[in-house]
Structures are given as C-alpha cells and as structure tokens.
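Have a look at the structure below, then the notes.
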Amino acid sequence: MLQEALREIQRGSAEIIDMPRVETLLKAYFIEGKTYTVKAGFDPTAPDLHLGHTVLLQKLATFQKYGARIQFLIGDFTAQIGDPTGKSATRKTLSQADILENAKSYKEQVFKILDASKTDVVFNSEWINPLGASGMLTLTTTYNVARMLERDDFDKRYKSGVSISISEFIYPLLQGYDSVHLKSDIEIGGTDQKFNLLMGRYLQRAYEIGKEQSVLMMPILEGLDGVQKMSKSLGNYIGVTEAPNDMFGKILSISDELMWRYYELLSAKSLDAIEALKNGVADGSLHPKTIKEDLAMEIVARFHSNAAANAAKEEFDNVHAKSQIPTDIEEFECDGAVWIAKALVDCNIAPSTSQARRDIKQGAVKIDQEKISDEQLQLDKGEYILQVGKRKFAKLKVN
RNA sequence: GGUGAGAUAGUCAAGUGGCCAACGACGGCGGACUGUAAAUCCGCUCCCUACGGGUUCAGAGGUUCGACUCCUCUUCUCACCA
C-alpha cells in the first residue's frame, strides 16, 4: 500500500527533492493516520485552465488520496510583481473584485479534480500585507544577490545586460515566504519553478520553523503538436471548459507517442494498467485507436460527464468513421438564389470566394454528401448541407 | 548622442529596373492512403462571379514608358561606438 502510494506520487514527476521525507510523511499517514500539507501556487489572473495545468492538479489529487491537505494558494500579492520571466516587465494590478471573481471560477474548474473538503484556498496577501516594511526587510536579509543570480534567467539577463528590476528579486523570496507562513510539508510546481520552490525550502530553514519542505516538480505538458508546451497562445491546448466533442476530437488527433505521455500525466489509470495497455499495443492485441478513445473518454468524463463522453464518442464515430454528418451543425439562411462560392463564405466554412473556388476545384466541397465540381453552381430555394473538407459543415436554407 | 545595417505574404527568407502576385522553407488547407494518428505522395496557399480585373513588398513623395528593386523624407528594428 505504501509502496503503491509512493509509486503513484513519483509517477510522471520530473524531479523530487528530499524524497526520504515524503516517505516519512506517508508512512506517518498510513500508520498513524497523520495528515500533512501540500502547497501549490496559482496565478490570480483569469483562470482559463487547460490540460497542462491539470497535470499539477492531478498530482495534488493523488496526494489527497494519501492523506494530504492541499494548500491551494492564490498569489494575489505576488501577482503585483509578476514572476520574473523577463518577458513583460510590468503587469497591471488586479482589483480585489477581479481577484475574487477569478478565484471563484478557479474553484469551479479545480474542484472537478480536487476534493474540496481536503483543500484550503488561501491568498498570500493575507500574510504578506501585514508583514510591513520591516518584515519585508527581514525577509531580504535572508538572501544575497550572488545567490539570487544563480537563477537561470537572472543569470542570463545579467550577463547579457538585460535589465532586472529589484522587485523581481522579491518575487522568489515572497513565494518562499508563503511556505514559511503555511508551514508546508511539500510544495509542487512545474520544472520551470525550481528556483522558487527551493527558495521555500531555504527560507523555512532560515526562519527556523522546524521543517524543510520537500519539492516535487512536474514536467511541462506538451501541446497537441507534441513538441511545444501546451499553451493558449500557441493554440495547441485543450481547455477544461471546452465542449465534449471538441475535447474528444482534439485528444484523438494527438500522435500515438504523445498519447502515452498524456496517459502518464493525465490519466487516473494505474501505472500497471497503462503498462498493460502498452504491451497490448506492442504485441498487436490492442489497437492504438481504441486506447486513445479510452483516454479521450476518460478526460471528457472528468470535465463533463460519462454521458457526455459516450455521446462524444458516438458523434465522433458517426462523423469520421462512418463519415456521416454531425448532429450539431450551424445553420444559416439567405434570400434568393446564391452562388455556391458566396454561400460557403457566408456560412463561415471558406475564408474567401477565391479559396472557395479552389476548394471546389480540388473536390473538397460537398452538398448533401455529393461532391460538386461546378464553380458556378447556383443554389436555388431549399435546404442544403454544405461541407468543405472533412470537418467543416454548415446548413444553409435558401428562401 | 554618433555611425552602420535593415523593414518583403501567417512565420522565416530569396529577389537589387521589365521574365514578379513575387524562388524556397515552415506552417496552414484540400486530395490519396488511413485510425480526423504518424509517415508518405499530389495539389493549393492576396482579393474579386475570374482564360479577365483589382490591391500588395514599413509609410509618404519623386525619377522612369515601366519600381520590391533607384532617389528623398518619415516611422520602426537591429548592430557597433559614446
């Protein structure tokens, strides 16, 4: 049981610092039922969570399964500085109302994964504000510039002469101080957070709180392309609030290789079960596609429902495997006869009439399942199902 | 503040007076094959009811029969110096 727990905790992690203490904590839980705390910090900016974020959340959920109380920290104070990525120097400060609003929508999304009864949502302004100037000063005496410059991006910027604001030095210190205040036993974060995470460990020692947090770092999840990290700006993400059908489709579009990565980091299946699947695919007894469907179902079910997952699968089969028409198509109307190219543009399934003509020429356009080739076709009165390629559909009613 | 280099389509990047709606690469889209995967192959990739027309190469002027290409100014970017 303990071994199983430790394996699940280590699963997919990039690096764990002070694993022995994690073992001690778990042992204490299994033997005496003693709980411990796991901290994770989040930005109070608009939470539009995607699967990349859920990697961390699921790790937290695993900890909850094994006796942890989660300190879900919303960095409302630290957000005023912004984690020094060197990209944008200043951030706009959020109003109290905005922060509360964002926190609320965080909760809606996050508690689909986390057990709310074992989670404390905390804001770091709560203890950082009372710190005052003197408290802040004390904090800064714990560290020095040379060590601060150990941080990779500081080092690079310093050497290449890019400006580093003093306030950016404060950021890691404050994040570390959060761990002091919360007396966290473990903190988890992405690999990019290593310096800050270790700062918590260091400051807990400096403030003599009698423990030093262990640190668990999770890798950054690759996006749909399998190469770059999942992020909204790159457009290779799957948002947790996306519609079931979209979610399902996106997961099915990932490569087989990436699928295993997603299994490891996102699935609730045990490592043994996943291993069995891998073997099955390797010896040909299992088809990769069904495995991928299972993953897609699992994830859709997590953020929506089992029913939604089943529906998404069915829809997907209809549309793609049997190449039928999806049930839910956008509808448009127009008056009088229309030229087909124009109609495709009006229905938002072609960007321009030029493109529409090209599509027709290439045999990509279908009306009511029939391929067409006449660029000059006029649509008379009636209802039509227009299709460009395999995925773009629209229903058009000509009056 | 000084000097030099540069700005070309979604991105990178050719083109240094007509052969330019502009090589190529990537991306994207479509087709074949499939498992809406990967790999591969083929086609397309400014707009317009189109064997034609229109608007493009940072912006504004100018030279020229003709400009992405030459000149002037403006804006912005980068490098070196201070």
Side-chain angles (χ1 to χ4, degrees), chain A residues 51 160-163 222-238 242-263 266 277-278 280-282 284-297 299-300 311-329 334 336-367 369-380 386-394 398:
Chain A
L51 291 185
S160 61
V162 178
S163 154
E222 294 86 347
L224 298 174
D225 52 33
V227 182
Q228 290 184 281
K229 72 168 187 176
M230 185 177 282
S231 86
K232 202 178 175 186
S233 53
L234 292 172
N236 60 358
Y237 70 106
I238 304 176
E242 277 186 57
N245 289 348
D246 293 339
M247 223 182 233
F248 194 92
K250 280 188 181 179
I251 294 167
L252 240 64
S253 78
I254 64 175
S255 70
D256 288 359
E257 203 186 333
L258 189 60
M259 165 174 84
W260 297 118
R261 183 90 174 132
Y262 278 29
Y263 254 112
L266 297 172
L277 293 178
K278 266 191 197 175
V281 171
S285 62
L286 289 170
H287 196 291
K289 194 196 173 199
T290 47
I291 313 292
K292 206 180 284 176
E293 277 175 347
D294 290 346
L295 177 69
M297 295 268 282
I299 291 173
V300 173
K313 178 175 160 27
E314 201 169 314
E315 175 79 5
F316 188 88
D317 284 345
N318 281 339
V319 176
H320 301 292
K322 300 178 198 151
S323 69
Q324 290 178 358
I325 292 164
T327 52
D328 185 26
I329 324 178
C334 68
V338 258
W339 176 40
I340 178 66
K342 196 90 189 144
L344 294 173
V345 174
D346 290 343
C347 294
N348 292 330
I349 50 179
S352 66
T353 58
S354 296
Q355 182 65 46
R357 280 164 167 263
R358 276 179 224 122
D359 287 336
I360 294 167
K361 213 176 291 177
Q362 294 188 125
V365 177
K366 290 180 188 168
I367 296 177
Q369 310 266 51
E370 293 290 325
K371 203 174 268 190
I372 62 158
S373 55
D374 180 13
E375 290 174 32
Q376 299 301 330
L377 190 69
Q378 295 287 328
L379 296 178
D380 297 325
L386 306 178
Q387 180 181 358
V388 176
K390 288 170 189 161
R391 306 183 199 188
K392 283 175 283 191
F393 295 90
V398 181

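These numbers come from the heavy atoms of this one structure, side chains and all, not from hydrogens, waters or symmetry mates. Below, read A as the first sequence line, B as the second, and so on, with proteins coming before strands; counting in each chain starts at 1. Predicted model, so just to flag it, every value in this text is computed and none were measured.
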Kindly write out the residues that satisfy salt bridge (charged side-chain N to carboxylate O under 4.0 Å, His left out) with A:Lys371, not counting sequence neighbours, or none if the list is empty.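 Applying salt bridge (charged side-chain N to carboxylate O under 4.0 Å, His left out) to A:Lys371 gives none.
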Those residues that, when tested against A:Lys292, pass salt bridge (charged side-chain N to carboxylate O under 4.0 Å, His left out) (two or more places apart):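 Here the qualifying residues are A:Asp256.
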side-chain hydrogen bond (donor to acceptor under 3.5 Å, both in side chains) evaluation trace for A:Glu314 with A:Asn318: CA-CA 6 Å; A:Glu314 201 169 314; A:Asn318 281 339; 4.9 Å; no
Just call it for [X]: base, sugar-phosphate, or nothing, with non-hydrogen atoms closer than 4.0 Å on any strand.
{"X": "A:Lys361", "result": "nothing"}
{"X": "A:Gln378", "result": "base"}
{"X": "A:Pro288", "result": "base"}
{"X": "A:Gln376", "result": "base"}
{"X": "A:Leu258", "result": "nothing"}
{"X": "A:Ser354", "result": "base"}
{"X": "A:Arg358", "result": "sugar-phosphate"}

Determine the interatomic distance between P on B:C70 and the same-named atom on B:U16; round to the nearest Å.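 After rounding to an integer number of Å, I get 9 Å for this pair.
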First and last nucleotide of RNA chain B in contact with chain A, 5' to 3', at under 4.0 Å to a heavy atom: what are they?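 Boundary nucleotides touching chain A, in 5' to 3' order, are B:C29 to B:A50.
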